[in-house]
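All of these numbers come straight from a predicted model, not from anything done at the bench. Every heavy atom of this structure was used, including side-chain atoms; hydrogens, water molecules and symmetry mates were not.
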Amino acid sequence: RVAPFSSANSPAVQRISDIRPRRALFYVPGSDERKLHKSITLGADCIVYDLEDSVAFNKKGTARKMVIDALEVCIIVPKIPRAFAISKNLSDRLWLRLGLEYDDLNVVAIVIPKVQSAKDVQFVVRMIDSVAPESTEADIRQFSFITSRHEGCLDEPLVVRRCYANSRLHTTLMSHASRHNIRLIPSIESGLGIINLREIASADPRVDALIFAAEDYCADLGLIRTPSRTEMLYARQAVVTAASAFGLQAIDLVCLDFQNQAILEEECREGREFGFMGKQAIHPNQVEIIQKTFLPDPAAVCDEVTVTMLGFSFIGNHMNSDIERAAKIIEGYELHSQKGVGAFNLDGKMIDLPVVKWASKVLARAKAAGLTISGATSSG
Ligand code: 1VU
């Protein structure tokens, strides 16, 4: 089979096909023991143990110790999570997220808050390079955590250094991670961050994703938050555009109204239509909705299906119409490109390379979200 797109070697295509699922980026206050324990039972793609805004100034030190303990439980003592192997599905998620048996998930990601320029990213990069080994055989678990810039002295880079380099957290992470498998996720929270998106997105090859943080952004610009979110339209679309241009994931704003599922669903749908790959979550109620939505097309999600169609097999918990259409497009593209045809008719609509690119991304995202996809796209 001709691999779709093998000739289109744009960085965006290659990076997107290599994505790790970050549909829900779930925040857990680092100072709340109950929430720390609960966090690993919720099936979120990505957990962020927060040491920043959700932790009171007088609890920063305690939070740091608690996060280290939580990471040590999850990372260093692999037997402990096995105790959570209550049901098959749950254990599958835990294995996957904690990476206990999946060598390919050996990644630690660091969310860098309030990034204004490439220098902010490069500061963290220098820190990593000064302490993390060039390479290591140790397997790393997929975890994100957030550094603190607010420890008594606002927006002072040295605070990050102190929080990190002088703590057991630093030792815990750095002793397990080679400098190359620590990924970076800058959070864009200001007008300057938006203006400097291009340099931030390209600041280092370890930058994997960009977050849009609405509350700080509104505070920075003095915007008034409205139910329509129109006031943030430009910024959100700028983040998605920059992320796409540099082959990164874009992660959308937090829905603060965590008891209102209708608003969450609306925000999720809008974010997905804008091109975001995932959304920040603050409450357990939000995780499932977000993760379902940020599979392609949430409209037709059903459980436990195994579908074989047009030579593509989808085995997993979700199957939907975007994926089905994407598979048909790729199948059609392969058949036609072998005959030297670039544009063809599929169900009355013209298909050519840009549509094939879209379909390839849909399948890559579905695969990253846990669907087993066999067929021509399985390599991409
Ligand atoms: O039923 P249980 O008592 O066992 O558990 C409660 C609660 O502890 C738990 N829970 C969570 N567990 C893990 N991580 C969470 N983030 C989390 N939130 C709640 O779920 C059960 C039900 O909780 P609840 O409905 O009673 O909610 P609470 O009043 O306990 O908590 C509500 C808030 C909003 C305070 C909580 O969800 C929270 O702290 N969220 C995260 C906040 C955060 O990290 N903010 C910083 C990043 S977002 C940002 O900066 C943008 C502005």
Side-chain angles (χ1 to χ4, degrees), residues 16 19-27 42-46 48 185 187-188 209-215 217-218 223-244 248-303 305 314 316-329 349 354-355 357-371:
I16 297 265
I19 54 177
R20 293 169 190 282
R22 291 195 182 101
R23 293 168 299 170
L25 205 130
F26 180 53
Y27 289 100
L42 299 170
D45 280 344
C46 192
V48 180
I185 308 181
S187 182
I188 309 301
L210 299 173
I211 289 174
F212 176 66
E215 309 318 319
Y217 178 78
C218 286
L223 300 183
I224 296 174
R225 267 280 227 160
T226 68
S228 72
R229 297 170 293 282
T230 317
E231 67 282 359
M232 294 176 289
L233 186 63
Y234 167 71
R236 288 166 77 201
Q237 294 188 336
V239 168
V240 171
T241 305
S244 170
L248 312 177
Q249 296 169 322
I251 315 286
D252 204 5
L253 46 80
V254 168
C255 177
L256 296 179
D257 205 348
F258 65 89
Q259 289 173 331
N260 190 328
Q261 302 226 327
I263 290 183
L264 178 65
E265 280 167 12
E266 184 189 307
E267 280 194 14
C268 286
R269 192 179 58 251
E270 180 186 77
R272 204 181 79 79
E273 286 167 4
F274 280 12
F276 283 98
M277 299 277 226
K279 185 173 178 67
Q280 298 161 87
I282 51 165
H283 191 277
N285 285 350
Q286 299 181 321
V287 171
E288 193 182 348
I289 294 177
I290 291 176
Q291 296 198 163
K292 275 188 176 171
T293 310
F294 283 93
L295 269 181
D297 190 353
V301 170
C302 60
D303 286 335
V305 287
F314 300 89
N317 290 330
H318 306 282
M319 177 67 201
N320 62 54
S321 56
D322 269 3
I323 300 175
E324 185 178 336
R325 177 153 177 79
K328 285 172 81 173
I329 289 168
K349 297 213 170 89
V355 187
K357 286 183 183 176
W358 169 85
S360 189
K361 285 185 183 178
V362 167
L363 293 186
R365 286 176 62 182
K367 186 180 165 200
L371 291 176

Practice prompt. Apply the test side chain to side chain contact (heavy atoms under 4.5 Å, CB included) to residues Asp252 and Arg236: give CA-CA distance (whole Å), side-chain angles for both, the deciding distance (0.1 Å), then the verdict.
Written response: CA-CA 7 Å; Asp252 204 5; Arg236 288 166 77 201; 2.8 Å; yes
Rounded to the nearest 0.5 Å, what separation is found between the [atom1] atom of [X] and the [atom2] atom of [Y]?
X: Arg269; Y: Leu264; atom1: CZ; atom2: CG; result: 11.0 Å
X: Glu270; Y: Phe276; atom1: CD; atom2: CZ; result: 9.0 Å
X: Leu25; Y: Ile185; atom1: CG; atom2: CD1; result: 5.5 Å
X: Ile323; Y: Arg325; atom1: CD1; atom2: CZ; result: 14.0 Å
X: Glu265; Y: Ile290; atom1: CD; atom2: CD1; result: 11.0 Å
X: Ile289; Y: Gln261; atom1: CD1; atom2: CD; result: 3.5 Å

Worksheet entry | For Tyr217, ring pair (Phe, Tyr, Trp, His ring centres under 6.0 Å) partners two or more places apart |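 Ring pair (Phe, Tyr, Trp, His ring centres under 6.0 Å) list for Tyr217, sorted by chain: Phe212.
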Practice prompt. Could you tell me which residues satisfy salt bridge (Lys or Arg N to Asp or Glu O under 4.0 Å) with Glu266, sequence neighbours excluded, listed by chain and number?
Written response: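 Salt bridge (Lys or Arg N to Asp or Glu O under 4.0 Å) check on Glu266 returns Arg229.
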Excluding sequence neighbours, so at least two apart, what forms side chain to side chain contact (heavy atoms under 4.5 Å, CB included) with [X]?
X: Ala326; result: Trp358, Ala359, Val362, Leu363
X: Val254; result: Tyr27, Leu256, Gln280, Ile282
X: Leu233; result: Gln237, Phe274
X: Glu231; result: Leu223, Arg225, Thr226, Ser228

Practice prompt. May I ask you to say whether Lys292 pairs ionically with Glu288, meaning some side-chain N is under 4.0 Å from a carboxylate O?
Written response: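 A salt bridge is present here (some side-chain N lies under 4.0 Å from a carboxylate O).
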Worksheet item: Which pairs with one or both residues in residues 274-283 pass salt bridge (Lys or Arg N to Asp or Glu O under 4.0 Å), sequence neighbours excluded?
Response: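 For residues 274-283: Glu267-Lys279.
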Between [X] and [Y], what is the shortest heavy-atom contact and its length?
X: Pro284; Y: Phe26; result: N-CE1, 3.8 Å
X: Cys268; Y: Thr293; result: CB-CG2, 3.4 Å
X: Ala214; Y: Met232; result: CB-SD, 3.5 Å

Fill in: Contacts of Gln286 that satisfy side chain to side chain donor-acceptor pair (under 3.5 Å) - sequence neighbours left out
none
